[in-house]
2 protein chains.
Amino acid sequence: MADLEFIKAIAIPSPAKIVLLVLDGLGGLPRPETGKTELESARKPNLDRLAAEGVCGLTDPVSPGITPGSAPGHLALFGYEPSRFNIGRGVLEAVGIDFELQPGDIAARGNFCTVDKTGLITDRRAGRISTEKCIELCRLLDGLVIDEVKVMVRPGKDYRFTAIFRGDGLAPDLSDSDPQQAGMAPLEITATHPGATRTASIANQFVVRAKTLLAKHRPANMILLRGFSQHPHLPSMAEIYQLKPAAIASYPMYRGLARLVGMEVLKTGTSIADEFNTLVENYAKYDFFFLHVKGADAAGEDGDFARKTQVIEQVDDELPRLMELKPDVIVVTGDHSTPALLKGHSWHPVPLLLFSRWCRRDKVSDFGESACLLGGLGRIPATQVMSLAMANALKLNKFGA
Amino acid sequence: MADLEFIKAIAIPSPAKIVLLVLDGLGGLPRPETGKTELESARKPNLDRLAAEGVCGLTDPVSPGITPGSAPGHLALFGYEPSRFNIGRGVLEAVGIDFELQPGDIAARGNFCTVDKTGLITDRRAGRISTEKCIELCRLLDGLVIDEVKVMVRPGKDYRFTAIFRGDGLAPDLSDSDPQQAGMAPLEITATHPGATRTASIANQFVVRAKTLLAKHRPANMILLRGFSQHPHLPSMAEIYQLKPAAIASYPMYRGLARLVGMEVLKTGTSIADEFNTLVENYAKYDFFFLHVKGADAAGEDGDFARKTQVIEQVDDELPRLMELKPDVIVVTGDHSTPALLKGHSWHPVPLLLFSRWCRRDKVSDFGESACLLGGLGRIPATQVMSLAMANALKLNKFGA
């Protein structure tokens, strides 16, 4: 917390506005055919102009060599040291569906899955059942009471759900039941800390009850639970940075993350244009905007190099609408790299672009991994992006006499 | 302290000499007309030659985005982590006027100011009264005893003074009386920690007495106090680095900072040439010299781009006299940036030049912000400058077997 306490002591409110545009999984790897990454392959005149007028660099979300999940990647960008603030998957799911977690609640991420007669998993995603079906099945499981603990089950997208355990004396130190592969039986949930033994027992009883209730609902005839966790109680961005922050994100998890750091989550649609519309409509009401574009990461995870490039081009098409608002500071970056060639998150440093009147321009005029290497921001931990944005907005007092 | 303890364990004494030349506020921002910073605009053949023969880089005095005051900026250059060693303004002022602080003393920075009949401040600097007048008025206030606490008042330059409170049980956790703007009444001094309640009361009584004593001395008819603080007891550079360090600085605050880290402060004049004379005259007697040039920062604070450039040119003119001494290591840098365009300190990284026989030369031959970005030292925390200087002077043993 030292760094956040430090920033908190020098942050000052002002009308200046900051827009943090996060292209999820922005960083990539070059295609052997061209030697260019997804970002470098994109036609992106607006981003390049912003780079020419701004200053570039690279970020390490956690530290060199470490591949971050979505939560650490975003927490770092918001200025929260991800190794200090580790947020469980279950909590993320719960806040991402607008579930109001209460102190002491334990949340877990759930999948409906298919098991065969011997109990072995044949499909971890139950044939990707529809969201409608998921809602129906969650109603079946919702509200069970086991040993005075109430289990709430809330639907997510497709085969996903969140289970929240509410009662006295629960602990989050539990192993997953999800073995992360087909061909195995669901694992027994065990306590990873002695204080969680009773909670483990309740969670296992819940799984047994769920199996019975779902028996006739093949392919969704079983559940898998993972990421048992408790609300982390992060200090809010308002108290740290003296900002009035808003989040624009079409995916639940990112809305949930933003809520955890105290952002107001704005209603928006599912397209990139929808998100920029939301920015324009709400621009007067906040002084910090986190605008999250999921598509780049999703394409990278799918190994679809061309689609990831297209998502970047779509963002570039919308960029003039952001620039017309004339924010004092614009930051464009990613929460981590998701190279299409790796089909997943990676440890590679992430391109960073910062534009402000006071940014001390560098010579980078082509926003891409190779060019950013020679940028004026150098290579910095992602946790320093917020301080830089705040400084460029003239929202930080001098430190010391 | 971990880093200093680490260096202390491997530092070895030797006859090799290090000169640390600090151009206060060296870093800048480019003028839109030329795209060049103050440093990049200066005619500076000697600095450029030194850069060509040496190795360059950029420093972050505290961390990216953080604008340092003079004390953190210098402490970092001397190798002291500024977030760990935070020195109050009052202490800086006291040591800067050669006042021998005793354990337990509380010091505050003072301004004579003008208040109107209703008590509102009309001029925070009392029309910038002369130093002679300041000396006269300090005599009026000096030596009061309040609740067994002696208050010593010592003149500074123009309207500035230092107040030192000496007695048992004093605490430095006090708010400022200086509201930092005209049009307001001086603020009541309050305890920011319960243990400082009595000290706050004594400080307020002192202000009331001062107001009475100054009533007929308009424009200097009131005082403002800020930066209440206590001696920080830093480990000395002699014990950490095994050096015999000397400081050459024409401004009191920098002499005071040097004294806090155990440097011997040499008598010098007010011009840059005077300071270089002092270096030449004392060169045989020490193995580390901190030479501080204030003018670059002062010009930057005034928003005077041309004057800041001229100060850099004046230093360049004197540089051959330093180079003729053939120090084993020369470091030229700043304690922070002070861009004339911002008229104040800023967070931008600071150009760094290191010359020694063993420096592993890079291709930078033009000492400036853009060129330093590609320098061989990269971008480093300012706290690492001393280790690099020590290493280049062959004054550090190998670490580990």
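We use all heavy atoms of the structure for the numbers below, so side chains are in, but hydrogens, waters and symmetry mates are not. Reminder, nothing fancy here: chain letters follow the sequence lines and each chain counts from 1.
Taking a 6.0 Å sphere around NZ of A:K398, one finds it holds more than 12 heavy atoms contributed by other residues, nucleotides or ligands. Surrounding CG of B:D302 are more than 12 heavy atoms belonging to other residues, nucleotides or ligands, all under 6.0 Å away. The number of heavy-atom neighbours closer than 6.0 Å to OH of A:Y286, taken from other residues, nucleotides and ligands shown, is above 12.
One distance of note links CH2 of B:W347 with CG of A:L388; it measures 9.0 Å at 0.5 Å rounding. The NE2 atom of B:H348 sits 5.5 Å away from atom CG of A:N392, with the distance rounded to the nearest 0.5 Å. Distance check, rounded to the nearest 0.5 Å: CD1 of B:I66 to CD1 of A:I7 gives 3.5 Å. Once rounded to the nearest 0.5 Å, the distance linking OG1 of B:T67 with CE of A:M390 reads 11.5 Å.
When atom types are taken as modelled, the side chain of A:R379 and the backbone of B:R379 share no donor-acceptor pair closer than 3.5 angstrom. No donor-acceptor distance shorter than 3.5 angstrom exists from the side chain of A:R360 to the backbone of B:S370, with no hydrogens or angles considered.
Residue B:P339: no heavy atom, backbone or side chain, is found under 4.5 Å from chain A. Of the two parts of B:P349, the backbone and the side chain both hold a non-hydrogen atom closer than 4.5 Å to a non-hydrogen atom of chain A. Proximity to chain A is limited to the side chain of B:S63, based on heavy atoms less than 4.5 angstrom apart. Residue B:L341 touches chain A through both its backbone and its side chain, counting heavy-atom pairs closer than 4.5 Å. Heavy atoms of A:L374 lying under 4.5 Å from chain B belong to its backbone as well as its side chain.
Interface summary for chain B: among A:G378, A:G376, A:C359, A:A389, the most heavy-atom pairs under 4.5 angstrom belong to A:G376.
Between B:S346 and A:W358 there is no side-chain heavy-atom pair separated by less than 4.5 Å.
Residue B:P64 is tested with A:V385, A:T383, A:I380 for a side chain to side chain contact (heavy atoms under 4.5 Å, CB included); the sole match is A:I380.
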